[in-house]
Amino acid sequence: MSVRRYEPSHIEPKWQEVWERERTWEVTNQPDDREKSYILEMLPYPSGEPHIGHLKNYALGDAIAHFHRRIGQRVMHPMGYDAFGLPAENNAIKTGVHPREATDKSIAAYRHWFHRWGISIDWSRELGTHEPSYYRWTQWIFLKLLERGLAYRKEAAVKWCPYDQTVLANEQVIDGRCERCGHEVELRQLEQWFFRITDYADALLEGLNDIEWPEHVKTMQRNWIGRSEGAEVIFRCEELGIDYPVFTTRPDTLFGATFFVLAPEHPDVLKLARDTDHEDQVEEYINRSLGESLEERSAADKPKTGVPLGRTVTNPMNGEQIPVFVSDYVLMEYGTGAIMAVPGHDERDYAFARVHDLEIRQVIAGPDDELPYTGNGPLVNSGPFDGMPNREAMAAIVDWLDREGKGHASVSYKLRDWLISRQRYWGCPIPVIYCPECGMLPVPEEDLPVTLPDVEDYQPRGRSPLATAEDWVNTTCPSCGEKAHRETDTMDTFVDSSWYFLRYCDARNDQAAWDRSVVDGWMPVDQYIGGVEHAILHLMYARFFVKALADMELLSTQEPFKALFTQGMILGPDGHKMSSSKGNVVAPSRIVERYGADAARCYVLFMGPADQDAAWSDTGVEGVHRFLARLWRLGDELAGTADGGETPREPEGDDLVLVRKANWAIEKVTTDMGRFSFNTAISAIMELINEIYRHPGADPQARAFATATAGSLVFPFAPHLGAEVYEQLTGRRVWEDSWPGADSEMLQVDTFELVCQVNGKVRDRVSAPSGAPREELEQLCLAARGVQTHIDGHEVAKVVVVPDKLVNVVVR
RNA sequence: GCCCGGGUGGCGGAACGGUAGACGCAGUCGGCUUAAACCCGACGGUCCAAGCGGACGUGGGGGUUCGAAUCCCUCCCCGGGCACCA
């Protein structure tokens with residue numbers, strides 16, 4: 001008989017067919033006595049075919065899902081597609097192919113590969129965010145937010161991408177550039193739709209304390225929300241009789257406020273400068289700075305430019321008249337768009353004062369008289385507050401301001417409301433109608449969904465291509481029945497993905513977005529897995545949605561994702577980020593076709609810690625393939641010779657070694673699963689296989705037991721091979737058997753290698769009985785030859801014994 | 001500038017304060033083979049030594065400890081995030 005080879009192309013389709021036919025991974029919404037476990041990977045944006053990062057993402061989530069099922073949990077592991085979005089639309093502009101067509105084709109490819117990879121997905125819950133049966137409920141949620149005042153329209157200076165011809169949310173602007181296309185964004189004054197995420201700033205901040213997320217992701221969200229405690233202080237312009245509040249985190253430095261600065265966009269700048277000698281100069285400055293790109297304006301090391309307005313305001317602490325300037329280092333979007341400048345204790349104000357030769361006054365004593373000084377210390381030059389430590393003075397001064405009616409404690413945030421309207425075609429229509437008589441009206445719930453019409457031309461021209469679909473735009477007013485027109489903007493695609501995890505719970509409900517009891521039965525997601533690039537965007541928006549929906553009593557959970565795991569990127573073999581322009585892209589299809597899905601899946605988890613970036617290696621995947629082939633050959637060889645499900649009775653010698661190693665592996669893989677250490681879990685299974693090869697003469701029962709154990713343990717990573725080997729040796733389906741438990745007796749060893757140290761250096765190793773008393777170990781160590789030669793001629797000062805491990809002899 | 005991660009053989013990486021380098025890749029040697037591939041096995045930190053063995057060794061320097069890759073201080077380098085946020 002010729003030696004048979006491991007052929008993933010035979011094994012894998014066989015098991016995939018079983019899982020599909022029997023719908024093995026479907027789970028009902030009916031609770032039972034098992035603990036629920038909602039395992040979710042971020043849904044893919046379907047474009048072309050899945051890439052290697054998707055393989056890692058889903059291999060990772062699948063390993064967790066399988067593990068949780070086999071430790072007795074009721075696991076939901078669904079899949080869907082974030083199907084609306086710009087790439088499909090830009091492709092449509094280029095090729096004329098309808099975005100739906102390209103998207104559905106890509107979805108088919110993703111679906112195909114998820115099957116081919118053997119990912120254990122509950123396909124009965126599959127969804128696409130571009131399907132009317134889904135976005136109907138996206139629109140419904142929009143209406144709920146509108147009803148609650150959490151969706152609103154306002155005119156504001158918004159970020160505009162000239163290439164994509166649409167507005168963007170703050171979160172979608174990276175270094176002054178469009179997140180999608182990389183073009184520099186501009187500011188435009190436009191009326192747009194916003195979600196009032198700022199109402200939830202504190203809730204979003206506090207909720208972070210209750211969830212098991214990587215600390216750096218929490219930090220990024222905290223920084224993005226940017227909560228600062230301080231005070232609002234009123235500076236009055238006596239000449240014009242107008243009060244100007246400013247926000248400051250340093251009320252303790254108020255006596256040092258020697259000038260006052262407005263942002264160029266501040267609505268009162270021209271009003272203040274009017275009829276002064278500076279009017280022309282101010283106008284010129286404003287025009288110049290508004291003409292600058294965001295990138296130019298926001299350079300931190302930019303010299304501090306600005307011009308005086310020819311006016312003064314009153315410092316509320318000491319009544320001094322201080323000059324007012326306009327300068328682009330003050331941002332309109334933060335605080336009140338105006339600041340009190342304290343050059344003695346703020347680096348930016350100091351730089352401005354130096355350029356414009358303004359008074360720099362010290363009001364906090366530092367270790368020396370060097371200014372600007374931003375540290376702590378007692379107050380000086382601060383009237384009645386002199387000598388008070390500045391930390392105390394903050395509260396004391398705010399109290400004083402409060403009593404005088406010149407200010408109060410206040411909190412400020414960097415977080416802005418989420419701008420959600422887009423002037424693009426391939427998105428969820430905003431369900432709103434404008435009537436000349438009745439104004440803006442929500443589309444009645446019973447008229448949902450507002451379906452996306454077909455259009456001829458997808459080219460954006462500063463307004464949504466939907467505006468050209470006249471039959472669709474023109475409608476009747478739901479209130480008065482007269483002619484009216486529809487909102488033509490669509491929603492940011494991040495809106496679609498902010499609630500899909502809720503829809504999975506009740507995916508086929510056509511009466512409601514979800515049934516509350518069903519969602520409460522599954523939520524929150526127990527383990528969420530995805531790339532860190534969504535640390536702010538998607539992860540913050542989804543948290544906001546859940547908090548808002550919980551406030552509407554539509555669900556109970558306060559946080560969507562109880563635990564988060566952020567996977568590292570797979571880099572090209574050259575160590576650089578994969579990109580077609582660099583020619584270093586590794587296509588998963590090629591790997592899966594050559595080595596099989598199991599090898600591809602195992603390798604992406606074996607590469608290194610799953611949360612770290614790692615470079616692809618073709619020889620690395622071959623090594624994992626070799627390991628799987630070794631396991632397969634053991635299964636093939638031992639099939640039918642013994643029952644691998646049975647532990648050998650009273651094993652001895654080689655048999656005992658194998659049984660112990662198998663139990664060691666069970667223990668190791670189990671703990672490693674719990675800490676997401678998949679690379680070490682796989683290496684433990686490799687060690688087990690190596691051990692079996694090292695004992696070819698062991699009893700077939702012991703070898704079959706060890707091999708079946710390896711099949712069982714490898715199943716979460718290589719489900720096809722795991723199922724195959726396990727079935728060959730036990731006749732059972734591995735996923736129907738619970739996760740193996742280590743036999744504590746088999747983890748015990750009779751003897752161990754005692755490490756003998758002298759002054760902390762290993763000098764010998766001797767065999768010692770397990771559980772031996774300290775005195776015995778000490779004697780064994782002192783008697784060891786390597787130890788003897790090193791303590792000879794020295795006085796033994798101390799002996800440290802670590803039972804079952806080592807002895808350290810300290811000599812002088 | 002501030003805030004997070006990291007820095008261990010030729011490479012990816014492993015290591016509750018207790019044998020540094022598990023596992024894998026690459027390499028060398030041996031077996032199988034007419035031969036090659038596959039496969040099986042052995043050896044691989046550096047330096048000195050024929051060998052026994054010894055010295056050094058986890059980015060640099062210092063410290064705590066019987067004992068430090070691991071804890072503390074300090075500096076250097078790499079990656080990421082934020083960055084005129086008052």
### Message
Treating primed atoms plus P, OP1 and OP2 as sugar-phosphate and everything else as base, which nucleotides of nucleotides 38-44 of chain B get B, S or - for protein heavy atoms under 4.0 Å?
### Response
-SSS---
#### Entry: Sequence-aligned protein contact record of nucleotides 8-16 of chain B, with B where the base is within under 4.0 Å of a protein heavy atom and S where only the sugar-phosphate is
----BSSSB
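Contact check for Val725(A) versus Val714(A): no side-chain heavy atoms found under the 4.5 Å cut-off. Contact annotation: the side chain of Asp202(A) approaches that of Arg227(A) to within less than 4.5 Å [non-hydrogen atoms, C-beta and beyond]. The side-chain heavy atoms of Val766(A) and Cys756(A), taken from C-beta on, include a pair separated by under 4.5 Å. Residues Thr258(A) and Ile360(A) have side chains not in contact (no heavy-atom distance under 4.5 Å, counting atoms from C-beta outward). Side-chain atoms of Leu721(A) and Pro8(A), non-hydrogen and from C-beta on, never get closer than 4.5 Å to each other. Looking at heavy atoms from C-beta onward, Leu634(A) lies out of side-chain contact with Arg630(A) at the 4.5 angstrom threshold.
Ring geometry for Phe260(A) versus Phe235(A): interplanar angle of 30 to 60°, hence tilted. Aromatic ring orientation, Phe259(A) versus Phe352(A): parallel (interplanar angle below 30°, classes split at 30° and 60°). Between Phe247(A) and Tyr334(A), the angle of the ring planes goes over 60°, which puts this pair in the perpendicular group of the 30/60° scheme. Using cut-offs of 30° and 60° for the angle between ring planes, the His266(A) and Tyr244(A) rings count as perpendicular.
Straight-line distance between the C1' atoms of rC71(B) and rC48(B): roughly 34 Å, to the nearest whole Å. Using atom C1' as the reference point in both rC25(B) and rG9(B), the two lie 13 Å apart (nearest Å). A distance of about 14 Å separates the P atoms of rG6(B) and rU70(B), rounded to the whole Å. Going from the P atom of rG53(B) to that of rC43(B) covers 16 Å, rounded to whole Å. For the C1' atoms, the distance linking rC73(B) with rU64(B) amounts to 11 Å, nearest Å. Across rA69(B) and rC75(B), the matching P atoms stand 22 Å from one another, rounded to whole Å.
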### Query
Pairs counted as Watson-Crick or G-U wobble with both distances under 3.5 Å: what dot-bracket string results for RNA chain B, using | for bases tied to another strand?
(((((((..(((.....[....))).(((((.......))))).((((....))))..(((((..]....))))))))))))....
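Within a 6.0 Å radius of CZ in Arg354(A), other residues, nucleotides and ligands contribute 12 heavy atoms or fewer. Within 6.0 Å of NE2 on His794(A) lie more than 12 heavy atoms contributed by other residues, nucleotides or ligands. When the shell of 6.0 Å around NZ of Lys577(A) is examined, it contains 12 or fewer heavy atoms from other residues, nucleotides or ligands. Remark: Glu347(A) CD is loosely packed, at most 12 non-hydrogen atoms of other residues, nucleotides or ligands lying under 6.0 Å away.
In this structure, His790(A) reaches the sugar-phosphate backbone alone: every heavy-atom distance under 4.0 Å involves primed, P, OP1 or OP2 atoms, never a base. Using a 4.0 Å heavy-atom distance criterion, Gly623(A) is classed as a sugar-phosphate-only contact. Glu622(A) comes within 4.0 angstrom of no nucleic acid atom, judged by non-hydrogen atoms across all strands.
For Lys798(A), whose side chain is taken as the heavy atoms from C-beta onward, the closest listed nucleotide among rC66(B), rU19(B), rC23(B) is rC66(B). Closest to the Met686(A) side chain, of the nucleotides rA20(B), rC23(B), rC66(B), is rC23(B).
Shown are Phe627(A), Phe678(A), Trp616(A); of these, the ring pair (Phe, Tyr, Trp, His ring centres under 6.0 Å) with Tyr603(A) is made only by Trp616(A). Here the rule is side chain to side chain contact (heavy atoms under 4.5 Å, CB included) with Val807(A), and of Leu780(A), Val755(A), Val799(A) only Val799(A) fits it.
Between Lys761(A) atom NZ and rG18(B) atom C1' the separation is 14 Å, expressed in whole Å. Atom CZ of Arg763(A) and atom P of rG67(B) are 14 Å apart (whole Å). Atom-to-atom, NZ of Lys577(A) to P of rG79(B) comes out at 14 Å; the value is rounded to the nearest Å. The separation between Asn808(A) atom CG and rU19(B) atom C1' is 12 Å, rounded to whole Å.
Base orientation at rG45(B) is anti, since its O4'-C1' glycosidic dihedral falls outside 90° of 0. Taking 90° from 0 as the syn/anti boundary, the base of rG31(B) is oriented anti.
Remark: Thr680(A) engages Lys668(A), Asp672(A), Arg675(A), Ser677(A), Ser683(A) in a side chain to side chain contact (heavy atoms under 4.5 Å, CB included) (not counting sequence neighbours).
The residue among Leu806(A) and Thr336(A) whose nearest nucleotide of RNA chain B is located toward the 5' end is Leu806(A). Projected onto RNA chain B by closest heavy-atom contact, Phe247(A) and Thr619(A) fall at different nucleotides, the more 5' of which corresponds to Thr619(A).
Between Ser228(A) and the phosphate of rA86(B), there is a side-chain N or O to OP1/OP2 separation shorter than 4.0 Å.
Residues from residues 406-413 of chain A with heavy atoms under 4.0 angstrom of RNA chain B: there are none. Within residues 212-227 of chain A, the residues having any heavy atom under 4.0 Å from RNA chain B are, by residue number, His216(A), Thr219(A), Met220(A).
Taking a cutoff of 4.0 Å between a charged side-chain nitrogen and a carboxylate oxygen, Arg222(A) and Glu215(A) qualify as a salt bridge.
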